[in-house]
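Values below: every heavy atom of this structure, side chains too, minus hydrogens, waters and symmetry copies. In what follows, residues are counted from 1 in the order of the sequence shown. Atoms within a ligand are numbered from 1 in the order they appear, just like the ligands themselves.
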Amino acid sequence: MTISDTVISAISTPIGTGGIGIIRLSGFGSVDIASSVFSAAGTRRAHSPAIPQKFESHRFYYGHVVDPENMHVIDEAMLVCMMAPRSYTREDVVEIHIHSGLVVLRETLELVLRQGARLAEPGEFTRRAFLNGRIDLIHAEAVIDLINSRSTSALEVVRRHLSGELSELIENIKNNFFKVLAIIDAGIDFPDEVDEVHDVNAWVEMLKSSVLEPCEQLVDGYQSGHFLRDGLVLAVVGKPNVGKSSLMNRLVGKQKSIVTDVPGTTRDLIEVPVTIEGIPIVFCDTAGIHPTQCPIEIIGIQKARECIEACDLVLFVLDTATGMGPEDLEIFENVKGKPLILVFNKMDLVDKPNDDPLPDDWKGRPRIHVSAKYNQAIDSLRSMVIEFVSGNSLSGVHDRIIPNIRQKLLLEKAVSSVKRAISGMYQKIPHELLAIDLNEGLNALNEIGGNVNRLDVLDRIFSQFCIGK
Ligand SMILES: Nc1nc2c(ncn2[C@@H]2O[C@H](COP(=O)(O)OP(=O)(O)O)[C@@H](O)[C@H]2O)c(=O)[nH]1
Ligand SMILES: [Mg+2]
């Protein structure tokens, strides 16, 4: 059962120096194409390309990649065929393992393309696996995450998705949903036998506990834990010259941002991804926020505001020496809706950090005095960041399923449809109208697992892959 008769091919290993590189082919006819450029050792084919070869499925053959036009040997190789449906794509798949030099890899790929294969698009192998029903969309997305995982905690999350736990959970919720829908449908078809939604409370209870709450828990899982997978985005924010760039450089352990005593040095957003204690964190150094006429700074400040909007945690940097000013108060208005740590920098300039009372709405925020320049209390600040992540998500990462953003949006859609249906039940709206809301919720859940009719959605998902996967 193939979706397409075209054979696709790509280099499936990263380009660079390494022991081996793999060219992968998938589709009906891939064995013939591979066979035309490969000669198994110890056979007479090495001298005559016309002699046919047979390969057993799932068995490695040693031989050479040979250009059939001139019998020129390109490299030593191992070849393995995985015949449909026992393969990654459920189609006939062939892998040719050769040395990983870019030249031999390209030459071999070129040969394969000349023999009739087409260059695979990013994610096309996995897309075929999905379209051939070998994996659902949740699994396909977990493969992307696995490839992109930058930390052990992210990997842990992904493993659970790969093992099908999220798919199972969604299936369960859907089954519960079906039960409720079946009864409501019965109400539509046989209105006399099912005397309306008799016990509204019982139905609401059932919808709440078996559909609404599990969906909401998954949405919560995203809110509090998505940065385990996507990385925590941390914005370093403050007015010019308070030491934001110095602080970021300290935290990431590299001189990534330019530091000078000229206010307005950082004009662009500078993003540095690092992994701290297994957690991926993207530090963003931002332009100092203040009133300015400079057009470059204005763009930088706009980017800083967007970064604040999108980030998970703000380090709001203040100058201990000069104290809090009206500009700081104004910046606070921009960041107060976010989880934040107040970082009083330049503590080296004062004998004793001043303990002036903070404005009321600043109170209760975690705060710390540091010196970015002299590396004082930076480790404590780093611990506060880790603590923030831990408090939010690390506890129980092993028994947590964390959906991705696409899945979360669909879960939210399901939640709001079910809520609408519940309020409709209380208002005793007609069954037909209830069924519309419930069906909408069910469709959203279906879409999570891959019941997606829209090509653009699939294109977007699979384009996140690299070529060769
Ligand atoms: N004394 C002292 N100076 C600092 C400290 N952190 C930064 N600076 C200085 O403050 C100036 C502005 O620093 P920078 O990191 O560029 O600030 P930004 O504009 O907020 O990014 C530079 O001259 C830094 O050397 C600190 O902890 N103590
Ligand atoms: Mg700066």
Identity and distance of the protein heavy atom lying nearest [atom]:
atom	answer
atom 10 (O) of ligand 1	Lys346 NZ, 3.1 Å
atom 6 (N) of ligand 1	Asn345 ND2, 3.1 Å
atom 12 (C) of ligand 1	Asn241 OD1, 3.0 Å
atom 3 (N) of ligand 1	Lys373 CD, 3.5 Å

Just which atoms of ligand 1 are under 4.0 Å from any heavy atom in [X]?
X	value
Val242	20 (O)
Ser371	26 (C), 27 (O), 28 (N)
Asp348	1 (N), 2 (C), 26 (C), 27 (O), 28 (N)
Thr260	11 (C), 12 (C), 13 (O), 16 (O), 22 (C), 23 (O)
Leu349	1 (N)
Lys244	15 (O), 17 (O), 18 (P), 19 (O), 20 (O), 21 (O)

I need the minimum non-hydrogen distance between [X] and [Y], along with the two atoms involved.
X	Y	answer
Val204	Tyr426	CG1-OH, 3.5 Å
Pro214	Ile173	CB-CD1, 3.6 Å
Ser210	Asn176	O-ND2, 3.1 Å

For a quick check under 3.5 Å, do [X] and [Y] share a side-chain donor-acceptor pair by atom type?
X	Y	value
Ser26	Tyr88	no
Gln217	Glu213	no
Asn249	Lys254	no

Residue part near ligand 1, for Val259, under 4.0 Å between non-hydrogen atoms: both
Location of contacts on Val370 toward ligand 1, heavy atoms closer than 4.0 Å: neither
With sequence neighbours excluded, residues passing salt bridge (charged side-chain N to carboxylate O under 4.0 Å, His left out) with Asp437: Arg420
Parallel, tilted or perpendicular: ring planes of Trp362 versus Phe332, cut at 30 and 60 degrees: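 Correct class here is parallel.
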Sub-3.5 Å N/O-N/O distance, Ala372 and ligand 1: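 Ala372 vs ligand 1: N/O contact under 3.5 Å present.
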Ligand 1 to Ser246 polar contact by distance, N or O atoms, under 3.5 Å: yes
Within less than 2.8 Å of the Mg ion (ligand 2): protein N, O or S atom count: 2
Ring center gap for Phe130 and His139 short of 6.0 angstrom: no
For Glu271, side-chain contact (heavy atoms from CB on, under 4.5 Å) partners two or more places apart: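 So Glu271 forms a side-chain contact (heavy atoms from CB on, under 4.5 Å) with Leu269, Val282, Cys284.
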All ring pair (Phe, Tyr, Trp, His ring centres under 6.0 Å) counterparts of Phe283, not counting sequence neighbours: none
Intermediate values then yes/no, side chain to side chain donor-acceptor pair (under 3.5 Å), Gln376 and His369: CA-CA 9 Å; Gln376 290 170 315; His369 286 88; over 6 Å; no
Passing candidate, side chain to side chain donor-acceptor pair (under 3.5 Å) with Ser245, options Thr286, Thr266, Thr260: Thr266
